[in-house]
Amino acid sequence: MNIKEINIERNLNMNESILSDMYSRFKNLRKNEYSKDIPLDHFLVTQQELKNMNIKFDIVKEKNKDRLYIHDKGKRIFRYTKSFYPNNTSFGFQVANDKILTERYLSYANIKTTNSKLFTVDEYDIAFEYVMNCKKKLVIKPLALDGGLGVFIDITPSNFDYFWNECISAQNRRKVKNPKIILQDFIPGFEVRMIINEGAFMSATLRVPAHVRGDGKHSIKELIKMKNTERKKNPLLKSHPIKINNGLVQLLKYKKLKLEDILSNEEFCILYPQSNLQHGGENIEISNLINEEVKQQSVDAVTAIPGLHTSGVDIMLENFDSVQGTIIEVNKAPAFLLNYYPYIGKPQNPMKYIFKSLIIESRILRNILDIKELDDLDLNILINRFKYNYLKQQRLEKTIQKLETENEKLRRLVK
Ligand SMILES: Nc1ncnc2c1ncn2[C@@H]1O[C@H](COP(=O)(O)OP(=O)(O)O)[C@@H](O)[C@H]1O
Ligand SMILES: [Mg+2]
């Protein structure tokens, strides 16, 4: 194995015992089935939700992008571009996009998050020294990229040079103007995507890597075939079967297994290091397995960031009993297809909540809200938003106080 493969193998934030624990906690392991004509594009899902809610909209092409103009009671109230939720501001975007700024705002609000050091490309020597002196396990990643590009774990003095360059190359490939590099403490556990909107927890999704579950009868190869038949029932997974290729054979070899081996009953075997659905991963809705404290922590993370209201919060949990996780990322434009079409678990519809909330807001601001027209979900939204805005106001006040104290110190230094 070369240095890159070794890192990929270790880049696995999931293991068989977590999978086994998760399955044992599920009451209903039924795989969801979806009709053939469901929309598979986020933009189309949005349009379907709007139609279901009788909200009027026009589809408009602007600067080569499809947008929706949403109307309510005869007025155009906002513009929607795929995944860009109108309640997030550009400053919220800026903070969520920048891993150091996110960390700073979460820390100001005392929310458990990452611990990072930032370097420019010229600071190779300083970064190397940091790695040399650091007693903790480290991760290297770009300051502001996505999709896991340029992220590597287990950085040591001997592999630092290779991964430092890989991290910069990933940014160059994506034409990042001024690449910056972060060295961050490694966080043990597995990652859960929490969807939060205006103070309401909507959904928790676990993305698990391709795996099979033994039954004491079938070989790994046969189990993969069976799994691929199941995957065909899910619109998101059907065009991404688990592939049998050299990488898989090598990973099995690493685990001292072969494709022909029969796994014992309830024995799990992970087949790919990445959790991407394209590599045979699965999206599992696990709201019922997550403690309330962790849901609240994810809501708190969004309250801590000015201008952010809809977010996909990525939190690392050590196990399903955890009452506190570590927030590693606050995504400002989460794609909701994962939530609409889980492989296992209850399908969610966050877009409905978002649009209902935006319509109520618009009616309040236009002084045309008719309380008699509100249904139970609308009332729930109002209560959640009231609590959330109250908390956000309190948090941001503390954050501004801290920023002012820092400014004051700087002013004194300048004098
Ligand atoms: N500090 C960390 N400790 C452990 N795993 C991490 C850490 N940072 C990132 N990872 C893993 O790497 C993946 C990508 O990192 P992330 O910071 O989310 O970058 P991106 O913005 O590209 O998604 C995460 O989903 C997580 O699995
Ligand atoms: Mg991420």
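The figures here come from the full heavy-atom set of this structure, side chains too, leaving out hydrogens, waters and symmetry mates. Counting starts at 1 for both ligands and their atoms, following the listed order. Remember, it's a predicted structure, so these values are computed and weren't measured experimentally.
- Salt bridge absent: E123 and K180 never bring a charged side-chain N and a carboxylate O closer than 4.0 Å.
- The residues K217 and E222 are annotated as not salt-bridged, no charged nitrogen and carboxylate oxygen being separated by less than 4.0 angstrom.
- Within the 4.0 Å heavy-atom cutoff, T114 does not count among the residues contacting ligand 1.
- For the 3.5 Å distance criterion, the side chains of Q184 and N115 fail to qualify, holding no donor opposite an acceptor.
- The backbone N or O of T310 sits less than 3.5 Å from a side-chain atom of N88, completing a donor-acceptor pair.
- Close approach of ligand 1 to F186 is summarised as follows: ligand atoms under 4.0 Å from at least one heavy atom of the residue are 3 (N), 4 (C).
- Y108 contributes no side-chain N or O that, together with a main-chain N or O of I111, makes up a donor-acceptor pair within less than 3.5 Å.
- Relative ring orientation between F355 and F78 is described as parallel, the plane-to-plane angle staying below 30° on a 0-90° scale split at 30° and 60°.
- At least one heavy atom of I328 sits less than 4.0 Å from an atom of ligand 1.
- The residue from G148, P188, S275, A96 that puts a heavy atom closest to atom 20 (P) of ligand 1 is G148.
- Less than 4.0 angstrom separates some heavy atom of K141 from each of these atoms of ligand 1: 8 (N), 9 (C), 16 (P), 17 (O).
- Salt bridge K346/E285: absent, no basic N to carboxylate O contact under 4.0 Å.
- K295 places a side-chain N or O within donor-acceptor distance of the main-chain N or O of S287, the cut-off being under 3.5 Å.
- Residue contacts with ligand 1: D185 is included, with a non-hydrogen atom under 4.0 Å away.
- Within ligand 1, counting atoms from 1 as listed, the ones closer than 4.0 Å to a heavy atom of D146 are 20 (P), 21 (O), 22 (O).
- Among the heteroatoms counted here (N, O or S) of E329, OE1 is the one nearest to the Mg ion (ligand 2).
- Set against the non-hydrogen atoms of E329, the atoms of ligand 1 under 4.0 Å away are 16 (P), 18 (O), 20 (P), 21 (O), 23 (O).
- The side chain of V139, and not its backbone, has at least one atom closer than 4.0 Å to an atom of ligand 1 (non-hydrogen atoms only; side chain from C-beta on).
- Of all atoms in ligand 1, numbered sequentially from 1 with element shown, those under 4.0 Å from a heavy atom of I187 are 1 (N), 2 (C), 3 (N), 4 (C).
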